[in-house]
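Reviewing the structure listed below.
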Amino acid sequence: MKKLIPTMVVVVILIAGWVYAANQNYFREEEAVQAKLLGISSADIQAITLHEGTKDKPGTGTDAGTDAGTGSDAVSTLELKDGVWHMTEPKDYPLNEYSVGSWLDAISSADQGMVVEESPKDVAKYGLGTTATRLDIKAKDGQEFKLAIGSQLPAGDTHYVQVNSGAVVAVKNDAVTNMALTRRQLLDTTPFNMDESNVRTLEWEGEASSWMLKASGEGDTASEHTWTLNGKSIKAEDAISLISQIKNLTTSDDVRKVSELTGGIPRSTLSVEQQVDGKAVTAVYRLLTVPSEPDTIWLITPDEGWAYAMDAAGLKEVEKVAEKLKTSTVSSEPATSETSKK
């Protein structure tokens, strides 16, 4: 028995050591590094042609040649010129720089998952035929990639993806969502360029409403300014809310060149004075309708270059909010002597 004790002690020590090592993950194998789908960085990309596929995609029907709901394939080309991204096809629409940057990052950072089929003969069964979203990517070093995004795998957490007619692989849904954008998601859809803290005067002249919002020059933020509407004091949060409501108005369709609109009928104007880098900068936005589309309100940018089709309900809501603020400022004024006599 005495001879067994040392052996038992050794065994106990070994077991304890093994348990400790296991708890410290000493036996864990290093996780395999996932391969990148393309193997290039966002800075390497020079141009992309986006094919949205023939499946119906709400909101892509435009005057630029996309027939939403009819099975047409919307095609857009973006190119990097002098360090700035431009849309060259179907037109030189203004782009949202943040959306384009995020899109490029998503494309370059996407990981390749498991290989579904090494040498596929029938890619249509994976949704990689005409219904697929396709990206034709050109790199600065001359490399070209044809990336196709198909349907979801049965498990529902990944999509079938193919690069350059190679293997069909699985790519996670979140990566696919960020890569498979539409043209509209890349466009600049907010025509109003203003910052609440910089706004000094906002003047609206319209058919249903006219008002002037003014801010003092005191303070660094909009909430620190003293605000008046038509000369009557209003709360800073109400002024900021009104400015934000206007700033966040978006177009309901692709933009057009102003030169494409004929016979415009003026509806209203918005003049915005901002203090930028110590200088007063004024921008004037015009809203009008055209006889051929009486139900569409077009907003003309200050440079007179682009026309945005605006949501009439959103514009009416702005007028309604401003009128309500005008009424509240009047009713909050102290009663006059004649009123008090009554």
Side-chain angles (χ1 to χ4, degrees), residues 34-60 62 64-66 68 71-81 84-113 115-117 120 123-153 158-188 254:
Q34 281 192 303
K36 294 298 180 184
L37 190 63
L38 299 183
I40 59 173
S41 71
S42 57
D44 295 329
I45 301 174
Q46 179 65 41
I48 303 179
T49 296
L50 166 64
H51 304 261
E52 296 180 27
T54 57
K55 59 186 121 181
D56 295 346
K57 294 192 176 187
T60 56
T62 73
T66 305
S72 295
D73 182 7
V75 180
S76 308
T77 298
L78 283 72
E79 295 181 14
L80 183 64
K81 297 179 179 179
V84 180
W85 280 93
H86 299 269
M87 183 172 286
T88 57
E89 294 292 340
K91 295 182 181 179
D92 57 339
Y93 292 126
L95 295 171
N96 183 313
E97 293 181 10
Y98 175 80
S99 296
V100 173
S102 298
W103 188 46
L104 297 174
D105 289 341
I107 293 169
S108 61
S109 63
D111 292 322
Q112 172 184 314
V115 175
V116 178
E117 187 174 354
V123 295
K125 66 182 180 181
Y126 300 118
L128 293 165
T130 57
T131 61
T133 293
R134 290 175 291 124
L135 303 175
D136 298 337
I137 302 165
K138 292 182 180 179
K140 293 177 180 177
D141 63 1
Q143 290 187 85
E144 294 189 8
F145 304 89
K146 292 187 178 296
L147 187 156
I149 299 171
S151 52
Q152 280 189 332
L153 273 72
T158 53
H159 275 70
Y160 297 110
V161 174
Q162 185 183 40
V163 178
N164 291 342
S165 301
V168 174
V169 300
V171 175
K172 290 183 178 179
N173 287 344
D174 56 351
V176 166
T177 299
N178 293 328
M179 289 192 296
L181 300 186
T182 63
R183 177 195 305 158
R184 179 165 165 72
Q185 290 173 301
L186 296 169
L187 296 181
D188 180 8
D254 279 355

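For clarity, every value in this text was computed on a predicted model and none was experimentally measured. Numbers for residues simply follow the sequence, beginning at 1.
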Nearest heavy atoms of [X] and [Y], plus distance in Å:
{"X": "Leu50", "Y": "Thr182", "result": "CD2-C, 4.0 Å"}
{"X": "Tyr160", "Y": "Leu128", "result": "O-CD2, 3.8 Å"}
{"X": "Met179", "Y": "Val171", "result": "CE-CG1, 4.4 Å"}
{"X": "His159", "Y": "Gly150", "result": "CD2-O, 3.0 Å"}
{"X": "Gly127", "Y": "Ala132", "result": "O-CB, 3.4 Å"}
{"X": "Ile40", "Y": "Ser108", "result": "O-CB, 3.1 Å"}

Can you check whether [X] reaches [Y] side chain to side chain, under 4.5 Å on heavy atoms?
{"X": "Val169", "Y": "Val115", "answer": "yes"}
{"X": "Lys138", "Y": "Glu144", "answer": "yes"}
{"X": "Val163", "Y": "Gln112", "answer": "no"}
{"X": "Val176", "Y": "Gln152", "answer": "no"}
{"X": "Met87", "Y": "Ser76", "answer": "yes"}
{"X": "Leu186", "Y": "Trp85", "answer": "no"}

Distance-only, no hydrogens or angles: does the Gln185 side chain make a donor-acceptor pair with backbone N or O of Ser99 under 3.5 Å?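 Side chain of Gln185 to backbone of Ser99: no pair is present.
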Do the side chain of Asp141 and the main chain of Gln143 share a donor and acceptor less than 3.5 angstrom apart?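 Answer holds: yes.
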Please assess His51 against Asp136 for the test side chain to side chain contact (heavy atoms under 4.5 Å, CB included), listing each intermediate value before the final yes or no. CA-CA 8 Å; His51 304 261; Asp136 298 337; 3.0 Å; yes
When you look at Thr133 and Leu181, which way does the side chain to side chain contact (heavy atoms under 4.5 Å, CB included) test go after all the steps? CA-CA 9 Å; Thr133 293; Leu181 300 186; over 6 Å; no
Any chance you could lay out the side chain to side chain contact (heavy atoms under 4.5 Å, CB included) test for Leu95 and Leu187, step after step, and finish with the verdict? CA-CA 4 Å; Leu95 295 171; Leu187 296 181; 4.2 Å; yes
Which value, rounded to the nearest 0.5 Å, describes the distance between Trp103 atom CH2 and Leu78 atom CG?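 Between atom CH2 of Trp103 and atom CG of Leu78 there are 5.5 Å.
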Applying side chain to side chain contact (heavy atoms under 4.5 Å, CB included), run through Tyr126 and Gln162 and close with a yes or a no. CA-CA 10 Å; Tyr126 300 118; Gln162 185 183 40; over 6 Å; no
My understanding is that only residues two or more places apart in sequence, or in another chain, count here; which of them pass salt bridge (Lys or Arg N to Asp or Glu O under 4.0 Å) with Lys172?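 Once residues adjacent in sequence are excluded, Lys172 has no partner under the salt bridge (Lys or Arg N to Asp or Glu O under 4.0 Å) criterion.
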Show every salt bridge (charged side-chain N to carboxylate O under 4.0 Å, His left out) that has at least one partner inside residues 34-51, sequence neighbours left out.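 Every pair satisfying salt bridge (charged side-chain N to carboxylate O under 4.0 Å, His left out) with a residue in residues 34-51: Lys36-Asp111.
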